[in-house]
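Just so it is clear, the model here is predicted, and its values are computed rather than measured. In this chain, residues are counted from 1 in sequence order.
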Amino acid sequence: MKIREFTERAVVERADLVMFPELAICGYLPADLLDKESFVKRAAEALVEVAVLTAGEGRPAILCGTVLPAEGDIGKRVRNVAVLMEDGEVRLVQQKMLLPYYDVFDEQRYFEPAVRQSLAVVKGRPVAITVCEDAWNDKNFWEQRNYAVDPIEELMRQWGTLPQTLGGQRLILNISASPYWHCKTEMRRRMIGALAKRHCATVALVNQVGANDSLIFDGDSIVVGPDGEIVAQAGSFVEDLLVVETGVQEQTQIPYGDDNQKGNGNSKDRSRSFAALRMTTSGAGCEDQTEFSWKALVLGTRDYVRKCGFKKAIVGLSGGIDSALVAALAVEALGAENVQGVGMPSEFSSTGSVDDAEVLARNLGIAFSVVPIKETFTEFMGALEPFFAGTPFGLAEENLQPRIRGAILMALSNKSGALVLTTGNKSEMACGYCTLYGDMVGALAVIGDLYKTEVYALSRYANRDGEIIPADTLTKPPSAELRPGQKDTDSLPPYEVLDPILRAYIEEYSSAEEIAETQGVDMELVRSVIRLVERSEYKRQQAAPVLKVSKKSFGMGRRFPIAAKREV
């Protein structure tokens, strides 16, 4: 188990304490597995095994997140807890108090909230232990808080009552499972920095890394000093071990909080090093959004495929930019030998598109097969002729083509045991410019949270060290190629106009009036885009899981009724 592996590494580093993320024993979030008594029992059994790792001379204490049975009578079955273990025994169980219920979080569905919390002692020194959200309610940082109480504030009040010989340097430990989305890394750092500075404390935050279904955990584990500056940080989107020496440090008395209590801070801290485990991510904030998106989607694809018990993936290659990007991400995630490209040209596919797909496959080093669908389409049209007779070529005929392709991809998936990765982007999914049971078939929507303009940016990033995605793919007008001369702009505004409208409506919940005014676009255009979004809810709720990289993605964090009378 990883906890054992990293604990042994920490022993070599002579660490006093090893930190693991929130719910590290079972992974975040187990969802309705938490309702299974057997699941909670196995988590408790695993915790006993972890405690054994702390027994013996020279062994570090361990702080680890897990789930335990509830103790109250409010109808909740479990508690989300941080467990401190030392010398083979459990020394403290700190229960999470603030249970998020917004966006992708639904912790109030499962967990019993803590009523109170207490300081802990590790190797003879006091520490304040918190679980993720319990550190996210600083009234001096947030303009609007989600909770009435601040667990950190209460723990620091307790610190102020310690004898002067124990007060010393304030140390706040936070174990987290905080998912990634654009710019959250930088925001999390600013928040922890402000928290450390306000309480004149060293704050160590260790965050989960990896992906579970749609959620991707970047880590961004950091240690921040009392001045609010980062003391140490580890690798980005990878498991890592970071050892931090807290050192010997003087701390002067400081005023505390609204009641102006003062902490006892003149004693010296003479403890040895504290280790933070699986502390992940370095790098900058929003300015690296493209690079961070790439790393997140690679990690999300890799973990989804492997945790579902698969090794290989299939991508339908149209010669367009969306499928090219998905294939490039899949290769980095799984290896070229585990990615199969399939071209399925119709009579409307341009020669350039077929050539571009072949060049892409060659550049990536993946297997590539061509399964033409012209004859199959003709057979379908013959069978449907009695029903289609006398009607013009239209949407039914167009959508029949991606549905044929979808059937081929799923047949290959069934035969080979490889997962199909869908290739639709967020702009298309938002406007319903996609075909149910056609180009939407598959196990994972890799780029379903990237607007089309972001797809282009990430595709250019894929070519940072040389051409992977062909230049023609990047420059030709986007087209579904389902009828002669078709272009995306036949049905949608140009993406550089469309995407800002979608972002404002989907992620900021801006009204049509606000969007038209702030973006300087025609009101009727805005209303027509919003109508497309509202009309397509039924499609999105039948889509494959979307890897989340934005503040508001399609999926578990965005909940709207399908059947509703909508007015724009």
Side-chain angles (χ1 to χ4, degrees), residues 17 19 22 61 63 65 71-72 79-84 91-100 111-176 188 190-206 222-228 231 246 249-269 271 274:
L17 173 68
M19 296 171 61
E22 178 182 14
L63 179 61
E71 295 181 331
R79 295 175 288 158
N80 184 344
V81 299
V83 180
L84 176 64
R91 293 295 176 83
L92 178 78
V93 174
Q94 190 82 302
Q95 187 171 334
K96 190 174 184 179
M97 181 175 288
L98 307 183
L99 303 177
F111 297 118
E112 170 192 78
V115 177
R116 63 186 62 85
Q117 296 179 333
S118 303
L119 293 176
V121 176
V122 180
K123 302 294 183 180
R125 68 172 293 181
V127 296
I129 295 173
T130 58
V131 181
C132 200
E133 190 88 349
D134 287 350
W136 287 66
N137 203 38
D138 184 355
K139 63 186 178 186
N140 290 351
F141 184 82
W142 301 102
E143 291 185 7
Q144 182 175 350
R145 300 195 300 168
N146 288 325
Y147 315 91
V149 297
D150 181 357
I152 294 283
E153 196 171 76
E154 174 56 32
L155 288 169
M156 291 300 98
R157 285 196 181 95
Q158 293 179 30
W159 203 294
T161 67
L162 292 174
Q164 190 169 8
T165 54
L166 291 178
Q169 179 191 17
R170 294 180 174 187
L171 183 59
I172 300 172
L173 308 179
N174 182 267
I175 62 171
S176 287
R188 194 191 297 125
R190 290 191 294 106
M191 182 200 71
I192 293 299
L195 186 72
K197 196 169 184 179
R198 177 190 174 195
H199 297 295
C200 196
T202 296
V203 181
L205 178 149
V206 57
I222 51 174
V223 178
V224 177
D227 60 357
V231 173
T246 58
Q249 180 173 341
E250 294 280 0
Q251 179 176 309
T252 58
Q253 291 185 335
I254 58 169
Y256 176 74
D258 297 332
D259 52 7
N260 206 35
Q261 293 182 5
K262 293 190 177 182
N264 296 305
N266 292 325
S267 62
K268 293 185 178 180
D269 163 28
S271 68
F274 275 70

**Message:** Just so I know, are the side chains of Leu92 and Val83 near enough to count as touching, which here means a heavy-atom distance under 4.5 Å?
**Reply:** no
**Request:** Write down the atom of Ala120, the atom of Ile129, and the distance for their closest heavy-atom approach.
**Result:** CB-CD1, 3.7 Å
**Message:** Testing the 3.5 Å rule here: is there a donor-acceptor pair between the side chains of Glu112 and Gln95?
**Reply:** yes
**Minimum heavy-atom distance between Tyr147 and Pro100, given as atom pair plus value** = OH-CA, 3.1 Å
**Asked** Do Thr202 and Val224 come close enough that some side-chain heavy atom pair is under 4.5 Å?
**Response** no
**Complete:** Paired with Val203, the side chain to side chain contact (heavy atoms under 4.5 Å, CB included) test is passed by just one of Val223, Ile172, Ile222, namely Ile172
**Asked** Looking only at atom types and distance, does a side-chain atom of Asp134 sit under 3.5 Å from a main-chain N or O of Leu98, one as donor and one as acceptor?
**Response** yes
**Prompt:** Looking at side-chain heavy atoms only, is the closest gap between Ile152 and Met156 below 4.5 Å?
**Reply:** yes
**Prompt:** So Val127 and Val121, side-chain contact (heavy atoms from CB on, under 4.5 Å) or not? Walk me through it.
**Reply:** CA-CA 6 Å; Val127 296; Val121 176; over 6 Å; no
**Request:** Decide yes or no for Met97 and Glu154: does some side-chain heavy atom of the first lie under 4.5 Å from some side-chain heavy atom of the second?
**Result:** no
**Prompt:** How far apart are the C-alpha atoms of Leu155 and Leu119, what are their side-chain angles, what is the distance that settles it, and do they pass the side-chain contact (heavy atoms from CB on, under 4.5 Å) test?
**Reply:** CA-CA 6 Å; Leu155 288 169; Leu119 293 176; 4.1 Å; yes
**Asked** Do Gln94 side-chain atoms and Ser118 backbone N/O form a donor-acceptor pair below 3.5 Å?
**Response** yes
**Item:** Side chains of Asn80 and Val131 in contact at under 4.5 Å (non-hydrogen atoms)
**Value:** yes
**Request:** Before giving the answer on side-chain contact (heavy atoms from CB on, under 4.5 Å), spell out for Lys96 and Glu22 the whole-Å C-alpha distance, their side-chain angles and the decisive distance to 0.1 Å.
**Result:** CA-CA 10 Å; Lys96 190 174 184 179; Glu22 178 182 14; 2.8 Å; yes
**Prompt:** CH2/Trp159 to CG/Leu171 distance, rounded to the nearest 0.5 angstrom?
**Reply:** 6.0 Å
**Request:** Could you tell me whether Asp138 and Arg198 make a salt bridge, using a distance below 4.0 angstrom between a side-chain N and a carboxylate O?
**Result:** yes
**Request:** Looking only at non-hydrogen atoms, find the nearest pair between Gly225 and Ala196 and report the distance.
**Result:** O-CB, 3.4 Å
**Prompt:** Does Arg145 have any side-chain contact (heavy atoms from CB on, under 4.5 Å) partners at least two apart in sequence or in another chain, and if so, which?
**Reply:** Asn137, Lys139, Trp142, Asp150
**Item:** Non-hydrogen atoms of Ser176 and Cys132 that approach each other most closely
**Value:** OG-CA, 3.4 Å
**Request:** Would you confirm whether Gln158, through its side chain, and Gln117, through its main-chain N or O, come within 3.5 Å as a donor-acceptor pair?
**Result:** yes
**Request:** Begin from the C-alpha positions of Leu195 and Asn140 and carry the test side-chain contact (heavy atoms from CB on, under 4.5 Å) through to its verdict.
**Result:** CA-CA 9 Å; Leu195 186 72; Asn140 290 351; over 6 Å; no
**Prompt:** Should Arg188 and Trp136 count as side-chain neighbours, where that means a heavy-atom distance under 4.5 Å?
**Reply:** yes
**Message:** I want to check something: taking the side chain as every heavy atom from C-beta on, are Leu205 and Ile175 in contact at a cut-off of under 4.5 Å?
**Reply:** no
**Asked** What closest approach, in Å, do Asp227 and Lys197 show between heavy atoms, and which atom pair accounts for it?
**Response** O-CD, 3.7 Å
**Message:** For Pro226 versus Cys200, what's the shortest heavy-atom pair and its separation?
**Reply:** CB-C, 3.8 Å
**Item:** Residue list, salt bridge (charged side-chain N to carboxylate O under 4.0 Å, His left out) with Glu133, at least two apart or on another chain
**Value:** none
